[in-house]
Number of protein chains: 2
Amino acid sequence: MQSYDDLEQAISSRYPELSRRLQQIAHYALEHPNDMAFEKVATIAERAGVQPSTLIRFAKAFAYSGFSEMQQVFRARLMETTPSYAERLRRVRQQQSPEGSPDQILAHFITAGHHALDHLGQEIDPEAMQRACELLASAETIYIVAQRRSFPVAAYFAYALGHLGLHAHLVDGMGGMAEQQAAAMRTDDALIMVSFHPYAEETQQIARVARDRGVPAMAITDSPLSPICQLGDPVFEVHDGEVQSFRSLTATMTLAISLVVALGQRLDLSLGGAGACAQTRETRDRNA
Amino acid sequence: MQSYDDLEQAISSRYPELSRRLQQIAHYALEHPNDMAFEKVATIAERAGVQPSTLIRFAKAFAYSGFSEMQQVFRARLMETTPSYAERLRRVRQQQSPEGSPDQILAHFITAGHHALDHLGQEIDPEAMQRACELLASAETIYIVAQRRSFPVAAYFAYALGHLGLHAHLVDGMGGMAEQQAAAMRTDDALIMVSFHPYAEETQQIARVARDRGVPAMAITDSPLSPICQLGDPVFEVHDGEVQSFRSLTATMTLAISLVVALGQRLDLSLGGAGACAQTRETRDRNA
DNA sequence: GAGCGAGTGAAACAGACGTTCCGTTATCTT
DNA sequence: AAGATAACGGAACGTCTGTTTCACTCGCTC
């Protein structure tokens with residue numbers, strides 16, 4: 001029982017057979033693992049509303065020699081993955097521009113990526129994701145438009161949606177035919193727009209075409225002031241790290257894959273179980 | 001001096017004026033903050049090679065009432081951002097397949113992204129990044145090849161390298177002309193290959209052409225068993241999260257942007273200061 | 001309802017801990 | 001070179017901590 005995972009599981013599973021006071025401690029331990037790691041027995045006992053001796057009984061009930069030995073497990077939990085992550089976040093907060101050797105630059109973007117992912121989780125509206133899934137699930141054909149720096153995201157959408165067996169059409173503007181490609185959109189289709197500052201004109205153009213033709217459109221962008229904000233619904237605002245105009249697409253790509261997988265699950269469910277599952281597996285083998 | 005950031009900065013800045021033993025402790029404290037948070041005075045003293053009393057002198061030198069008070073700062077550091085992040089990582093380790101509502105799926109990929117970034121930092125060889133930069137810096141034209149799921153990475157490379165003012169050529173195989181496009185490669189060019197399981201045949205084909213023609217080639221792939229491992233140098237092995245065959249490109253894209261920025265910095269340096277800087281800024285404004 | 005056993009609370013104990021103190025050593029000044 | 005000052009090592013001290021012990025209570029069984 002040296003890992004916290006094991007201990008946590010043991011506490012959970014043996015909870016019912018514990019005595020009342022021991023349950024009280026189990027409750028407190030799982031809810032305040034930080035206290036368990038740092039505080040003295042007396043402090044924890046007081047906060048949990050038990051006697052210090054009961055804490056030792058608790059530890060012994062889980063085969064530790066005493067409380068101190070159990071406390072080591074709670075401390076190890078804080079040491080395992082944490083320090084490097086928190087450490088690096090701290091660095092980036094202080095030093096904004098990446099400098100030095102290539103691996104220092106890599107370390108910088110890794111940290112910036114962590115940051116972006118954290119924010120992504122906090123800022124995305126669950127209800128908007130739900131709406132986006134429904135929008136895409138009911139579309140006959142899905143058009144995707146994104147230029148320049150956003151283009152890799154579009155390429156990813158096109159590839160992944162194709163894998164779900166959906167009709168996905170990448171409006172790449174090849175041969176200057178973007179608007180002609182977009183002109184084929186119908187009201188039972190859907191459009192995915194991705195655009196970041198300074199917002200390529202071509203993308204806005206197609207967004208307006210979609211609005212005029214009544215084609216439902218969702219958007220991924222970087223600011224509520226973005227011109228495509230009024231042209232899409234739902235709109236996802238993503239804040240990726242940016243350095244010297246080079247935007248890391250970490251958060252954006254994560255949002256993209258999440259949408260695709262959520263959509264895939266929704267389609268599986270609506271088709272119902274086994275058959276759909278087989279279809280997914282069949283699709284899977286065509287990967288590159 | 002209640003935040004770890006302040007303490008760290010104070011230790012760094014006052015380091016020169018400290019006595020020899022106190023410097024010894026300063027060194028140890030910054031390198032082993034975990035020990036400082038958890039271990040007893042005697043343990044830390046032994047590991048740092050000083051007497052316990054010296055540790056108290058150290059703490060008092062930074063205006064703490066004693067060692068214990070200073071230790072609280074090191075402990076607080078571990079509590080601040082940690083639990084949620086480590087907690088989520090733990091969940092993902094247990095539950096591999098994402099299920100549930102769209103935002104739960106998003107949360108899953110966010111955590112997987114954190115994971116992938118952590119590993120990226122540990123696994124990438126700094127020396128290989130250095131070599132890759134030199135390779136790309138000295139190339140006349142940079143060719144990029146990647147198919148299907150890897151294609152978004154190639155698109156990103158092509159866009160970003162173009163922004164550095166380099167000749168970047170995306171071998172997209174349009175119209176089945178991939179090999180003809182590749183045939184233009186010369187020995188003073190360079191090739192970037194990106195390929196993940198199951199390794200598109202077209203990419204391997206072009207990799208062989210490059211080898212036969214003596215064109216230096218770097219590779220990003222997902223396994224040492226990948227067929228392009230022997231065809232490239234340096235080779236970067238990246239382990240992105242994968243769910244139901246949908247590969248999150250988080251780590252790969254982070255590596256890509258890092259390479260590009262490191263390369264950009266190298267070019268700036270070799271061109272020398274102001275002029276190159278202005279060029280970068282000029283390029284910046286053309287972004288989309 | 002009496003006897004039994006596990007569970008619990010509170011105080012006592014032994015050991016460890018952080019801290020202080022003082023003799024010694026090193027470093028810089030005059 | 002000698003003194004003065006700061007730094008240091010190591011032992012001693014008093015406190016605090018984890019643990020143990022034991023008396024007591026509660027809940028069950030016969």
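A, B, ... follow the sequence lines: proteins, then strands. Residue 1 opens every chain. Since this is a predicted model, take the numbers as computed values, not measurements.
Note on R20(B): only backbone sugar-phosphate atoms sit closer than 4.0 angstrom, heavy atoms only; bases stay farther off.
In this structure, CD of Q24(A) is placed 8 Å from P of dG9(C), rounded to the nearest angstrom. Whole-Å rounding puts the F58(B) CZ to dA6(D) P distance at 20 Å. Going from atom CD of E69(B) over to atom P of dC17(C) covers 21 Å, rounded to whole Å.
When the side-chain nitrogen and oxygen atoms of K60(B) are compared with OP1 and OP2 of dT19(C), none of them lie within a distance under 4.0 Å. Not one side-chain nitrogen or oxygen of Q51(B) sits closer than 4.0 Å to the OP1 or OP2 atom of dC8(D).
Using a 4.0 Å cut-off between charged side-chain N and carboxylate O, R77(B) and D5(B) make no salt bridge.
Each of dC8(D), dT21(D), dT20(C) was ranked by its minimum atom distance to the side chain of R57(B); first place goes to dC8(D). Side chain of R21(B), nearest nucleotide from dA10(C), dG9(D), dT19(D): dG9(D). Distance from the side chain of K40(B) is smallest for dC17(C) among the nucleotides dC17(C), dT19(D), dT20(C). Looking at the side chain of T54(A), the nearest of the listed nucleotides dT19(C), dG10(D), dG9(C) is dG9(C). Of the candidates dT19(C), dG7(C), dT20(C), the closest approach to any side-chain atom of S19(A) belongs to dG7(C). Of the listed nucleotides (dG18(C), dG9(D), dA10(C)), dG9(D) has the atom at the smallest distance from the side chain of S53(B).
Under a cut-off of 6.0 angstrom, the local environment of NE2 in H239(B) is crowded, with over 12 non-hydrogen atoms contributed by other residues, nucleotides or ligands.
Counting only N and O atoms by type, the side chains of Q24(A) and R21(A) include a donor and acceptor under 3.5 Å apart.
R131(B) places a side-chain heavy atom less than 4.5 Å from the side chain of D233(B).
Comparing A42(A) and L22(B) by the nucleotide of DNA chain D whose heavy atom lies nearest to each, the residue mapping closer to the 5' end is L22(B).
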